[in-house]
Amino acid sequence: MIFTLPIMSQFVAALAIAALASPLPAEGAAPGADGTSWTVHAKAVYTSTGQVLENAAVVVQDGKIRAITPGIVAPRGALEVEAVTAGFVEAGSRIHDGFFSVEQSTEVQPQRAIADSLDPFDVRWKRLADSGVTTAYVAPLERNVIGGQGLAVKTAGEPTVAARTVPGRGYVTGVIGSLPSSGNSPAFGRPTSFYNRRPTTRMGVEWEWRKAFFDAVAAKRIPEREFDGAAQLRQVLAGELGLYITAWATQDIRTAIFLKEELAREGFGTVQLVIEAAAEAWKEPKLLVRSGAAVILPPFPDQGRTQDQSFMPLDAAKQVADLGVPFALSAQDARDPGARMAAQAGFAMRGGLTREQALVAVTLTPARILGIDARVGSIEVGKDADLVLWNGAPFEATSGIVGVLVGGALVKDPRP
């Protein structure tokens, strides 16, 4: 048989991929003993690095992406879909164990680790994975002023927190707003419970933040004033840990930024700030740019109003993007299928983002914010095989997620 050069190269490339991936046999049995080796072929592979590869095969072996080859026919036994994107990275997850994830007898708990209260058997992990979220950052419940340290974890895999952990940038997490003072009341006379305490107002919440950092600095000079969590707060000031603050409304976003600037003015250090759930970040463009903070936007609300009656327009993501501020989209573990991560990216596109901008905001940017982009967030050789398989163009109302791979394991099967 005689081949022309283009046909011969395509034929050889297909054979090479087939040999490398050990693809599925015709009857569709899983390859390998661990089920983490596949070949996925799509009409379009959206890499999150600015490329869209047509008629491309993504070879997955032992849970990693081993090859990406565009312009070929589907190898025998490949998983064939319309489009492939990287797995979503949820930087604002609420999959914590509720009130068990915080210790409310003390408002400042930077030393606590969310890993101690995560439940790897929670049914919400499956819901997240099926919706395309392959990595989630979990912070404590937004009740303490400073609630502890969050953790980035895979949404599927071995049912242990240690096995699913994705090491990255550490953050001390907390809240500025009405939530930490919710339920507290002033102690008139003899207090009857630990809810008779500060803070009882937004001003009290701000006071707790400032006092915690000032006390941590003082404790370095005066060892007798050392307290649990002081070391972690000093790590924040030294840049060894970031500061992840949930702040919905304009006044709370201002407070978070002013706190960072005050600590710098006092000579305590430069804080690496992430503002989560920043629904009204778009209202303070100059301040936001000046702060150098990254932003995690909350889900778009049905009526325009979010928590704390914050107003978030459909073009909020577009306005933040135009400022050049690093931002991620979040679905906060929405139960409603119409409000999950893919839908949030679709809403942002309706608000003016391009498909590429929306894709990066749910994959690569949150991975960079969390310091885990060496492993996840884009489709690149050597990275974890966290993939979302589509039956149409990503984020379109007429498209759906038909398959999901987490670490190469097929947790949602696109095959009939």
Side-chain angles (χ1 to χ4, degrees), residues 21-22 24 29-40 48 58-66 79 81 84-97 101 113-139 149-170 330-333 340-342 362-364 366-389 401-415:
S22 300
L24 301 176
D34 61 355
T36 58
S37 298
W38 309 87
T39 298
V40 181
S48 292
V58 180
V59 177
V60 175
Q61 194 172 47
D62 299 327
K64 297 288 185 179
I65 298 172
R66 297 304 182 191
L79 301 174
V81 292
V84 177
T85 63
F88 304 150
V89 179
E90 168 62 90
S93 174
R94 263 58 176 177
I95 205 168
H96 49 61
D97 203 17
S101 68
I114 189 68
D116 296 336
S117 62
L118 278 184
D119 179 6
F121 295 97
D122 194 312
V123 296
R124 291 176 293 177
W125 295 114
K126 172 65 173 170
R127 186 172 68 214
L128 276 175
D130 285 348
S131 69
V133 176
T134 55
T135 306
Y137 183 78
V138 189
Q149 298 175 53
L151 191 68
V153 292
K154 292 294 185 76
T155 56
E158 286 187 41
T160 65
V161 175
R164 292 192 190 179
T165 297
V166 185
R169 173 171 298 283
S330 171
Q332 294 184 350
D333 309 333
R340 295 177 189 168
M341 191 71 94
V362 297
T363 55
L364 191 54
R368 285 172 174 165
I369 290 172
L370 300 175
I372 56 177
D373 54 303
R375 282 186 58 181
V376 300
S378 60
I379 299 178
E380 297 180 79
V381 173
K383 285 195 173 184
D384 292 0
D386 293 352
L387 304 173
V388 180
L389 316 182
I401 294 172
V402 294
V404 178
L405 281 79
V406 180
L410 193 61
V411 299
K412 186 172 184 177
D413 196 331
R415 297 168 296 185

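If you read the sequence from its start, that first residue is 1, and numbering goes on from there.
In terms of modelled atom types and a separation under 3.5 Å, the side chain of R124 and the main chain of I95 share a donor-acceptor contact. Counting only distance, with no hydrogens or angles, the side chain of R164 and the backbone of E158 share a donor-acceptor pair below 3.5 Å. In this structure, the side chain of K383 does not engage the main chain of A86 through any donor-acceptor pair within 3.5 Å. Counting only distance, with no hydrogens or angles, the side chain of S37 and the backbone of D62 share a donor-acceptor pair below 3.5 Å. Under the 3.5 Å distance criterion, the side-chain polar atoms of D386 are left unmatched by any main-chain donor or acceptor of V406. In terms of modelled atom types and a separation under 3.5 Å, the side chain of T155 and the main chain of V133 share a donor-acceptor contact. Between the K412 side chain and the G132 main chain, no donor and acceptor come within less than 3.5 Å of each other.
Residues satisfying the side chain to side chain donor-acceptor pair (under 3.5 Å) test with D384, not counting sequence neighbours, are K64, K154, R375. Not counting sequence neighbours, the partners of S48 by the side chain to side chain donor-acceptor pair (under 3.5 Å) test are T363.
Residues T135 and I372 meet the side-chain proximity criterion, which asks for heavy atoms closer than 4.5 Å. When side chains are defined from C-beta on, L79 does not count as touching V81, because their heavy atoms never get closer than 4.5 Å. Residues L387 and V60 have side chains in contact (heavy-atom distance under 4.5 Å, counting atoms from C-beta outward). Considering only heavy atoms from C-beta on, L410 comes within 4.5 Å of R415 through its side chain.
Taking CZ of F88 as the reference point, atom CD1 of I401 lies at 4.5 Å (rounded to 0.5 Å). The CD atom of Q332 lies 10.0 Å from the CE atom of M341; values are rounded to the nearest 0.5 Å. To the nearest 0.5 angstrom, I65 atom CD1 is 15.5 Å from W38 atom CH2. Residue T39 holds its OG1 atom at 13.0 Å from CZ of R66, rounded to the nearest 0.5 Å.
Across every non-hydrogen atom of S93 and V138, the tightest pair is OG-CG2, 4.1 Å. Taking all atoms of both residues into account, the shortest heavy-atom contact from A156 to V411 is CB-CG1, 3.7 Å.
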Open item on the list: Could you walk me through whether D373 and V89 satisfy the side chain to side chain contact (heavy atoms under 4.5 Å, CB included) test, starting with their C-alpha distance in whole Å, then the side-chain angles of each, then the deciding distance to 0.1 Å, before giving a yes or no?
Closed with: CA-CA 10 Å; D373 54 303; V89 179; over 6 Å; no

TODO: Carefully, step by step, assess Y137 and I369 under the rule side chain to side chain contact (heavy atoms under 4.5 Å, CB included).
DONE: CA-CA 10 Å; Y137 183 78; I369 290 172; over 6 Å; no

TODO: Start with the C-alpha distance between V381 and V59, add both sets of side-chain angles, then the distance that settles side chain to side chain contact (heavy atoms under 4.5 Å, CB included), and finish with yes or no.
DONE: CA-CA 9 Å; V381 173; V59 177; over 6 Å; no

Open item on the list: Could you walk me through whether V161 and L151 satisfy the side chain to side chain contact (heavy atoms under 4.5 Å, CB included) test, starting with their C-alpha distance in whole Å, then the side-chain angles of each, then the deciding distance to 0.1 Å, before giving a yes or no?
Closed with: CA-CA 10 Å; V161 175; L151 191 68; 3.8 Å; yes

